[in-house]
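This report concerns only the one structure given below.
These values consider heavy atoms only, across backbone and side chains, with no hydrogens, waters or symmetry-generated copies. Predicted model only: the values in this text are computed from it and were never measured.
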Amino acid sequence: MTEYSRLKTSRSAAIKANLDYPIIDTDVHTNDFTPALEDYIAKYGGSKLVDELRKAEASRLNSKSNGKDWYQQTPEERQYNRTIRSPWWARVTRNTLDLATYTLPELFYERQAEQGSDYSVLFPNNVLAPAGASKENRQALQRAVNHYHADLYRKYSDRLTPVAGIPMGNPQEAVEELEFAVKTLGLKVANIPGGVKRPIKAIADKYPADQYPEIAKYASYIDFYGLDSEYDYDPFWAKAVELGVPITTHYGSQGWTGRSSISNYMNNHIGHFADGSQAFAKALFFGGVTKRFPQLRVAMLEGGADWGAHVYIHLVDRFSKRNLKGLQNYNPDNANSDELFVLFERFGSEFLQEHPLSKEELTKSVLGSSFNRHSRSPVGSELEDFAAAGIETIEDIRDRWVNSFFFGSESDDRTIAAAFNDKANPLGVKINAIYSSDVGHWDVPDLTDPLAESWDLVQEGVISEADFKAYKFYTQANPDFFKGTAVESKVPTLQVDKSLVVA
């Protein structure tokens with residue numbers, strides 16, 4: 001054991017010693033040693049790919065206006081340009097041992113016992129940086145970054161697995177990189193951006209981005225792949241199911257309306273992963289992705305799990321009111337003009353005296369709110385918000401929301417209680433919350449703390465010990481996920497119904 005070991009003083013290690021099941025950490029962030037990464041990429045694809053990586057990293061980490069980042073601008077310039085306050089001091093520094101641990105694979109591998117985990121899924125901080133690269137070099141850079149991480153962690157694969165970053169600009173590149181990552185590199189978890197920013201064509205056609213970069217910066221929308229997408233991403237979802245790859249995302253919403261403060265990072269940060277992931281998940285649900293691919297397993301990390309419960313509840317509540325039959329309660333054609341006129345005569349005669357109207361005119365006037373006044377009424381499929389998702393019963397909502405999605409919850413997140421509240425959640429279900437330490441980010445100043453913090457919630461009765469176990473995100477996607485790992489014999493064998501997996 002290394003001289004730097006704190007195994008004897010780790011509260012998490014002490015708790016882990018008394019558990020009879022393995023702890024799977026679904027979210028560990030590692031740092032890349034930049035000189036080694038850039039040297040690898042240069043040998044892989046030349047200096048142009050290194051330049052692309054640097055540009056992509058700069059665009060991801062900084063919010064700029066007129067070539068100046070937030071810190072280079074005066075308060076007046078920030079106000080004038082509405083330059084949002086981006087993250088700052090996001091790495092643990094005072095704890096130098098942990099800082100080195102996130103960067104050195106061998107040291108992290110050796111200190112896993114201190115963390116209290118048996119198996120960790122790693123998210124290197126550069127894994128999705130290529131998403132910000134140019135269209136010409138994006139795929140090549142992503143492949144180089146994935147290859148680097150696969151090589152770097154291969155010798156530690158019995159207890160560590162890095163995710164493969166998958167570019168999602170279009171389905172073809174996504175499928176190609178997923179196949180390469182799995183079949184050639186041996187990676188087995190995919191990390192995708194939860195959405196892709198695209199230009200609004202009606203504006204881009206009038207104001208080309210190369211001539212009007214400032215307009216292009218704002219004249220955009222986010223494509224969440226499932227609903228209203230420019231592309232059909234079904235080939236990608238099908239490939240993920242075929243290869244048995246669980247899909248993960250850390251998708252945030254900093255910079256969106258309500259998260260665009262020009263002075264306060266915390267204002268922009270709190271809840272932003274939940275909001276970004278919610279938009280992504282709802283697009284998959286309403287776009288019918290989880291209906292067409294019931295075996296697809298998607299985890300949205302760092303946003304907590306309570307939002308998964310409240311969206312599920314709202315889906316059930318809204319469907320019960322706005323299913324095809326229920327919608328007839330709001331159909332303007334179903335208003336009884338005769339009855340309405342009688343009621344106005346009895347209780348609102350003063351209105352009719354001042355505004356004499358026929359029965360038909362009165363009905364149109366009462367119904368003439370902005371909620372009902374349109375050029376015409378919706379017809380056919382325009383009425384069916386739940387049709388693509390294939391929802392006919394609330395059980396369908398459970399199967400296509402609860403079963404398909406998993407929600408990463410940090411160790412000290414007490415809102416997880418809502419996810420596991422089977423008395424409040426329709427059909428008595430628990431939302432699939434999974435343990436995610438978030439080691440490597442500023443909310444974990446000591447990597448030996450998270451498991452103990454989670455166990456505190458068990459002791460306080462916020463969650464149960466049964467809720468603490470989390471394997472099925474991986475084993476439902478791929479029953480052989482843990483084959484050949486240090487935890488293979490400890491993870492329960494899962495019998496998979498290929499037609500549908502019910503949590």
Cationic tip of K188 above F481 ring, under 6.0 Å, 45° of axis = yes

Kindly state each residue pair satisfying salt bridge (Lys or Arg N to Asp or Glu O under 4.0 Å) with at least one member in residues 439-450, sequence neighbours excluded.
-> R6-D446

Which class fits the ring pair H250 and H29: parallel under 30°, tilted 30 to 60°, perpendicular over 60°?
-> perpendicular

Can R292 be said to sit on top of W237's aromatic six-ring, NZ or CZ under 6.0 Å from centre and within 45° of the ring axis?
-> no

Find out whether F420 and S464 are in side-chain contact, i.e. whether some heavy atom of one side chain is under 4.5 Å from a heavy atom of the other.
-> no

Where do K197 and Y221 land on the side chain to side chain contact (heavy atoms under 4.5 Å, CB included) test, with the steps shown first?
-> CA-CA 6 Å; K197 184 178 287 188; Y221 74 99; over 6 Å; no

Taking Q142 for its side chain and V127 for its backbone only, find out whether a donor-acceptor pair lies under 3.5 Å.
-> yes

Any pair counted as salt bridge (Lys or Arg N to Asp or Glu O under 4.0 Å), so long as it reaches residues 268-280, sequence neighbours left out = R259-D275

Could you note down all residue pairs passing salt bridge (Lys or Arg N to Asp or Glu O under 4.0 Å) where residues 142-151 supplies at least one of them, sequence neighbours left out?
-> R143-E177, D151-R154

With distance as the sole test, does S260 use its side chain to make a donor-acceptor pair with the main-chain N or O of I84 at under 3.5 Å?
-> no

G276 and W256: which non-hydrogen atoms are nearest, and at how many Å?
-> CA-CH2, 3.9 Å

Measuring from K430:NZ to I416:CD1, what's the distance to the nearest 0.5 Å?
-> 10.5 Å

Sorted by chain and residue number, the salt bridge (Lys or Arg N to Asp or Glu O under 4.0 Å) partners of E173 (sequence neighbours excluded) come out as R138

Hey, are the side chains of Y435 and P450 touching, using non-hydrogen atoms and a 4.5 Å cut-off?
-> yes

Taking the side chain from R85 and the backbone from N268, do they hold a donor-acceptor pair closer than 3.5 Å?
-> no

Could you go through the side chain to side chain contact (heavy atoms under 4.5 Å, CB included) check for W307 and S277 one step at a time?
-> CA-CA 9 Å; W307 71 263; S277 291; 3.6 Å; yes

Do the side chain of N264 and the main chain of N267 share a donor and acceptor less than 3.5 angstrom apart?
-> yes

Applying side chain to side chain contact (heavy atoms under 4.5 Å, CB included), run through V311 and F285 and close with a yes or a no.
-> CA-CA 11 Å; V311 172; F285 175 85; over 6 Å; no

Indicate yes or no for a side-chain donor-acceptor contact from Y233 to the backbone of M168 under 3.5 Å, with no hydrogens or angles considered.
-> yes

For the rings on Y119 and F482, is their centre-to-centre separation under 6.0 Å?
-> yes

Before giving the answer on salt bridge (Lys or Arg N to Asp or Glu O under 4.0 Å), spell out for E106 and K155 the whole-Å C-alpha distance, their side-chain angles and the decisive distance to 0.1 Å.
-> CA-CA 9 Å; E106 182 179 356; K155 69 169 72 174; over 6 Å; no

May I ask you to test the Y102-V439 pair for a side-chain heavy-atom distance under 4.5 Å?
-> yes

Does T103 reach the main-chain N or O of L99 with its side chain, forming a donor-acceptor pair under 3.5 Å?
-> yes

Identify the two heavy atoms, one from I247 and one from A240, that lie closest to each other, and give their separation to 0.1 Å.
-> CD1-CB, 3.9 Å

Looking at D399 and K291, does any basic side-chain N land under 4.0 Å from a carboxylate oxygen?
-> no

Centroid separation F224 to F280 less than 6.0 Å = no

Could you name each residue pair satisfying ring pair (Phe, Tyr, Trp, His ring centres under 6.0 Å) that touches residues 131-171, not counting sequence neighbours?
-> Y40-Y148, Y44-H147, Y109-Y156, H147-F180

Distance col, row H310:NE2 vs N425:CG, nearest 0.5 angstrom, shows 12.0 Å

Heavy atoms, side chains only, cut-off 4.5 Å: are V491 and Y21 in contact?
-> no

Can you tell me how far the OH atom of Y225 sits from the CG atom of L284, to the nearest 0.5 Å?
-> 9.5 Å

Shortest non-hydrogen pair, G408 vs L301, comes out as CA-CD2, 3.8 Å

Look only at the side chain of D158 and the backbone of A486, and say whether a donor-acceptor pair between them is shorter than 3.5 Å.
-> no

Carboxylate-amine/guanidinium proximity below 4.0 Å for R54 and E57 | no

Salt bridge (Lys or Arg N to Asp or Glu O under 4.0 Å) between R91 and D98: does it pass, once the steps are laid out?
-> CA-CA 10 Å; R91 298 284 175 268; D98 281 5; over 6 Å; no

In this structure, CG of L447 is separated from CG of D438 (nearest 0.5 Å) by 12.5 Å

Of the options V316, T393, V429, which is the one that meets R398 in a side chain to side chain contact (heavy atoms under 4.5 Å, CB included)?
-> V429

Between the CD1 atom in I397 and the CD1 atom in I391, the distance rounded to the nearest 0.5 Å is 5.5 Å

Are any of the side-chain heavy atoms of L128 and N191 separated by less than 4.5 Å?
-> yes

Taking N421 for the side chain and A424 for the main chain, is one N or O donor matched with an acceptor at less than 3.5 Å?
-> yes

Is there side-chain contact between L53 and L141, with at least one heavy-atom pair below 4.5 Å?
-> yes

Least distance between heavy atoms, R111 atom then L97 atom = NH1-CG, 3.5 Å

What do the steps show when you test F473 against I24 for side chain to side chain contact (heavy atoms under 4.5 Å, CB included), and what is the final call?
-> CA-CA 11 Å; F473 172 57; I24 313 299; over 6 Å; no

Within 6.0 Å of NZ in K48, more than 12 heavy atoms from elsewhere = no

Residue that, paired with D25, satisfies side-chain hydrogen bond (donor to acceptor under 3.5 Å, both in side chains) out of S120, S437, S436 | S437

Just checking, any donor-acceptor pair under 3.5 angstrom between side chains of K483 and N478?
-> no

Would you please name every residue forming a salt bridge (Lys or Arg N to Asp or Glu O under 4.0 Å) with D51, sequence neighbours left out?
-> none

Are W442 and H269 close enough that their ring centers fall under 6.0 Å?
-> yes

Could you tell me the separation between the OG1 atom of T448 and the CD atom of E114, rounded to the nearest 0.5 Å?
-> 7.0 Å

So, do F406 and I431 sit near enough that their side-chain heavy atoms are less than 4.5 Å apart?
-> no

For P105 against L160, the heavy-atom pair lying closest together = O-CD1, 4.5 Å

Assess whether atom CD of E392 is packed by more than 12 heavy atoms of other residues, nucleotides or ligands within 6.0 Å.
-> no

Are Y251 and E302 side-chain neighbours, meaning at least one heavy-atom pair lies under 4.5 Å?
-> no

With no hydrogens and no angle check, is any side-chain donor or acceptor of R297 less than 3.5 Å from a backbone partner on Q476?
-> no

Keeping the roles fixed (side chain from E52, backbone from S134), state whether a donor-acceptor pair exists under 3.5 Å.
-> yes

Shortest non-hydrogen contact from G304 toward D413 = CA-OD2, 3.4 Å

